[in-house]
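Everything below concerns the one structure shown next.
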Amino acid sequence: MSTADLNQALTAPGRLCVNPTSLSGSFPYGGTALGETRGIQVRIFGGYFDVEAEEFGGAIVESVWSGENVALGGYLRQFDETAIGKVFPNTAVGTTTKRVGMRHWMDASTPSRPGHLLSSRSCVLLWVPLDVDRVRSVILYRALPAVEAQLTLSKALGAREEIPFVFSGIPDSTMRVYKMDFLREISL
């Protein structure tokens with residue numbers, strides 16, 4: 001084992017963008033920047049099913065891998081209007097300020113009513129660390145935006161206002177779901 005070097009400790013501040021078109025340029029790589037992030041987590045959920053043999057008294061004789069699902073979540077550090085439109089299901093441009101806000105009505109004017117399929121709002125989502133040489137990037141080839149089930153936005157004096165977000169990965173047209181690797185190893 002090598003000697004620990006605290007100067008080599010990894011920190012992962014980064015930025016999000018949607019629908020990048022070329023990774024050869026600079027951020028946001030031809031896509032749309034959603035802003036800087038904090039507290040990024042990648043959750044990979046896998047499943048196994050045990051095969052039991054009755055002839056051996058119900059002993060487990062095999063396990064079957066049932067695949068995996070992935071979710072990318074964290075906090076956006078800015079209340080960016082583009083990000084609001086991607087993360088929240090119902091937004092509208094204000095008539096006076098001309099800025100994006102969140103809303104929810106239970107009528108036909110609501111674009112994302114209960115029962116609405118999120119796949120119509122899917123995008124390619126790329127998270128890029130500020131240190132691309134030491135920290136791995138994450139791309140979801142088809143990401144579904146979702147607001148956390150219980151969302152709390154702090155409006156207290158002096159509190160940092162951040163947008164919690166979660167994107168779930170589903171297969172794209174070529175059956176790719178995600179890749180977590182150094183940016184130069186990722187392809188669109």
Side-chain angles (χ1 to χ4, degrees), residues 7-46 65 67-94 97-102 111-112 116-148 151 160-188:
N7 293 322
Q8 295 296 317
L10 297 177
T11 59
R15 299 174 286 185
L16 274 181
C17 70
V18 294
N19 300 324
T21 58
S22 172
L23 298 180
S24 62
S26 59
F27 186 84
Y29 308 106
T32 304
L34 293 186
E36 291 193 15
T37 60
R38 178 184 75 79
I40 285 292
Q41 289 188 2
V42 178
R43 296 214 175 179
I44 300 169
F45 318 50
W65 172 242
E68 63 186 36
N69 295 306
V70 65
L72 174 73
Y75 294 92
L76 286 168
R77 299 188 74 170
Q78 301 141 307
F79 217 75
D80 180 87
E81 293 185 39
T82 305
I84 293 170
K86 271 294 174 197
V87 172
F88 290 95
N90 294 303
T91 60
V93 175
T97 63
K98 305 297 184 206
R99 299 183 73 184
V100 174
M102 300 162 288
S112 296
H116 177 81
L117 296 177
L118 290 176
S119 59
S120 65
R121 299 182 59 229
S122 68
C123 61
V124 175
L125 182 73
L126 176 65
W127 178 79
V128 181
L130 296 182
D131 184 355
V132 295
D133 293 324
R134 296 191 319 130
V135 180
R136 287 164 175 78
S137 298
V138 180
I139 187 167
L140 300 182
Y141 290 100
R142 190 168 182 210
L144 303 179
V147 177
E148 292 204 19
L151 173 65
R160 184 177 14 203
E161 189 171 62
E162 297 175 323
I163 304 170
F165 68 89
V166 176
F167 284 84
S168 298
I170 63 172
D172 69 358
S173 62
T174 61
M175 301 308 290
R176 298 178 301 175
V177 178
Y178 78 96
K179 186 168 185 178
M180 184 170 29
D181 207 340
F182 293 104
L183 184 62
R184 60 186 167 273
E185 301 292 338
I186 291 178
S187 62
L188 298 173

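Throughout, numbering of the chain's residues begins at 1 and tracks the sequence.
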Are Tyr29 and Ser22 side-chain neighbours, meaning at least one heavy-atom pair lies under 4.5 Å? no

In short, Thr21 meets Gly30 closest at the heavy-atom pair OG1-CA, 3.4 Å

Approximate separation, where rounding is to 0.5 Å, of Ile170 CD1 and Met175 CE: 10.0 Å

Taking every heavy atom of Leu188 against every heavy atom of Pro20, the minimum-distance pair comes out as CD1-O, 3.5 Å

Within-4.5 Å side-chain heavy-atom neighbours: Pro129 and Ser137: yes

Where Ala71 and Val166 come nearest, the two heavy atoms and their spacing: CB-CG1, 4.3 Å

Within the side chain of Lys179, is there an N or O that forms a donor-acceptor pair under 3.5 Å with the backbone of Glu185? yes

With Met180, the side-chain contact (heavy atoms from CB on, under 4.5 Å) member among Leu140, Ile139, Val70, Ile44: Ile44

I'd like to check Leu16 versus Leu72 (side-chain heavy atoms, cut-off strictly below 4.5 Å). Are they in contact? yes

At their closest point, which heavy atom of Ala33 faces which heavy atom of Pro28, and how far apart are they? N-CB, 3.8 Å

Quick one: does Trp127's side chain get under 4.5 Å of Val135's, heavy atoms only? yes

Heavy-atom side-chain contact between Arg184 and Asp133 under 4.5 Å: yes

Identify the two heavy atoms, one from Arg142 and one from Pro171, that lie closest to each other, and give their separation to 0.1 Å. CD-O, 3.6 Å

Derivation of the side chain to side chain contact (heavy atoms under 4.5 Å, CB included) call for Asn19 and Thr32: CA-CA 7 Å; Asn19 300 324; Thr32 304; 6.0 Å; no

Short side-chain to backbone donor-acceptor contact, Asp172 and Arg176, under 3.5 Å: yes

Has the side chain of Thr37 got a donor or acceptor atom that lies under 3.5 Å from a matching backbone atom of Gly14? yes

Do Arg15 and Leu130 have side-chain heavy atoms sitting under 4.5 Å apart? yes

Any chance you could measure Phe27, atom CZ, to Leu126, atom CG, to the nearest 0.5 Å? 7.5 Å

When every non-hydrogen atom of Ile186 is compared with those of Tyr141, the smallest separation belongs to CG2-OH, 4.2 Å

Distance col, row Cys123:SG vs Leu144:CG, nearest 0.5 angstrom, shows 8.5 Å

